[in-house]
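Have a look at the structure that comes next, please.
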Amino acid sequence: MFDIYRKVPKDLTQPTYTGAIISVCCCLFILFLFLSELTGFITTEVVNELYVDDPDKDSGGKIDVSLNISLPNLHCELVGLDIQDEMGRHEVGHIDNSMKIPLNNGVGCRFEGQFSINKVPGNFHVSTHSATAQPQNPDMTHVIHKLSFGDTLQVQNVHGAFNALGGADRLTSNPLASHDYILKIVPTVYEDKSGKQRYSYQYTVANKEYVAYSHTGRIIPAIWFRYDLSPITVKYTERRQPLYRFITTICAIIGGTFTVAGILDSCIFTASEAWKKIQLGKMH
């Protein structure tokens, strides 16, 4: 009779200790790669891109600002916020959505404010300009707790300069010195897996300290935040690996591992059989 079926190679049917070890190692290796791929599939990846555009077109050309600053040696009745920009806005003593908290038994003041600025170059500054009577020696030493723009982003995978001035300490500066913080604001968009977008702004900062005199020769210090907007927008997008790619990778891992293991086991078995024949030949 004729046997039309291919015979299974001997190395695939004969159990060996080497084959058992290779099989166990393959299973452990497959398990390790599977868990690694599963972790990558479950974990959300955040990718970023740059483009030139105004991302938040529904904002009406405004940017929300949050400022929290302490002046430990300036009375609250002297502290004020002024806003200016290139569109002609000039507001002295802005008080909407702001709060002054006395410090050091009323000697100092903590200013917390929420306000908006236009998307054009300008400045806002903390000063005594809005006070009814100017002090003789205003002390502008300060600590900036927070200065942020737009929505607050609390995302672990995004590390940016959203509060670059947070923690800035100028308590040892010249009390009569003015402070200039020059900000370059970068629009930032964060899009989660559902497609919801949040608009925030990162910024870089440079600063200088100097003594400024008025036209009457008096020293009137202030804390200036001069800003300009970058035309480049940074976009962060949450992405997850597609299911079909995960399945394809798992199949490739299993198939590839067993193929390599089979080749390795076959080579070891063939070498072992050849060695046995050589040993038998020497005995005879």
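Computed from a predicted structure; not experimentally measured.
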Crowding at CD1, Ile101 (>12 non-hydrogen neighbours, <6.0 Å):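 Counting other residues, nucleotides and ligands, CD1 of Ile101 exceeds 12 neighbours.
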Answer yes or no: is there a side-chain heavy-atom contact under 4.5 Å between Tyr199 and Pro187?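 No - every pair of side-chain heavy atoms lies 4.5 Å or more apart.
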Suppose we screen for side-chain contact (heavy atoms from CB on, under 4.5 Å). Which residues come up paired with Lys119, at least two apart in sequence or across chains?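 So Lys119 forms a side-chain contact (heavy atoms from CB on, under 4.5 Å) with Asp54, Asp56, Ser59, Ile63, Tyr201, Leu229.
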Evaluation steps, side chain to side chain contact (heavy atoms under 4.5 Å, CB included), between Asn207 and His179: CA-CA 7 Å; Asn207 66 282; His179 300 265; 6.0 Å; no
Answer yes or no: does atom CD of Gln136 have more than 12 heavy-atom neighbours from other residues, nucleotides or ligands under 6.0 Å? no
pair Ile220-Pro138: side-chain heavy atoms closer than 4.5 Å: no
With Glu86 via side-chain contact (heavy atoms from CB on, under 4.5 Å) - residues at least two apart: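 In terms of side-chain contact (heavy atoms from CB on, under 4.5 Å), with neighbours along the sequence ignored, Glu86 is linked to Pro121.
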Sorted by chain and residue number, the ring pair (Phe, Tyr, Trp, His ring centres under 6.0 Å) partners of His125 (sequence neighbours excluded) come out as His129, Trp224
Give me the atom names and distance for the closest heavy-atom approach of His145 to Ser70. NE2-OG, 2.7 Å
Beyond-backbone contact of Thr152 with Lys146, side-chain heavy atoms, under 4.5 angstrom: yes
Name all residues meeting the side-chain contact (heavy atoms from CB on, under 4.5 Å) criterion together with Tyr213; count only those two or more places apart in sequence or in a different chain, and write none if there are none.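 In terms of side-chain contact (heavy atoms from CB on, under 4.5 Å), with neighbours along the sequence ignored, Tyr213 is linked to Val211, Ile219.
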Quick one: list whatever passes side-chain contact (heavy atoms from CB on, under 4.5 Å) with Ser194, sequence neighbours left out. Asp192, Lys196
Please say yes or no: joined through hydrophobic side-chain contacts below 4.5 Å, possibly via intermediate residues, are Val143 and Ile69 part of one cluster? no
Please say which of Phe225, Tyr227, Tyr203 ends up in a ring pair (Phe, Tyr, Trp, His ring centres under 6.0 Å) with Phe149.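 Testing each of Phe225, Tyr227, Tyr203 against Phe149, the sole residue satisfying ring pair (Phe, Tyr, Trp, His ring centres under 6.0 Å) is Tyr203.
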Would you find more than 12 non-hydrogen atoms of other residues, nucleotides or ligands less than 6.0 Å from Phe32 atom CZ? no
Which residues satisfy the disulfide (SG to SG under 2.5 Å) test with Cys26, sequence neighbours excluded? none
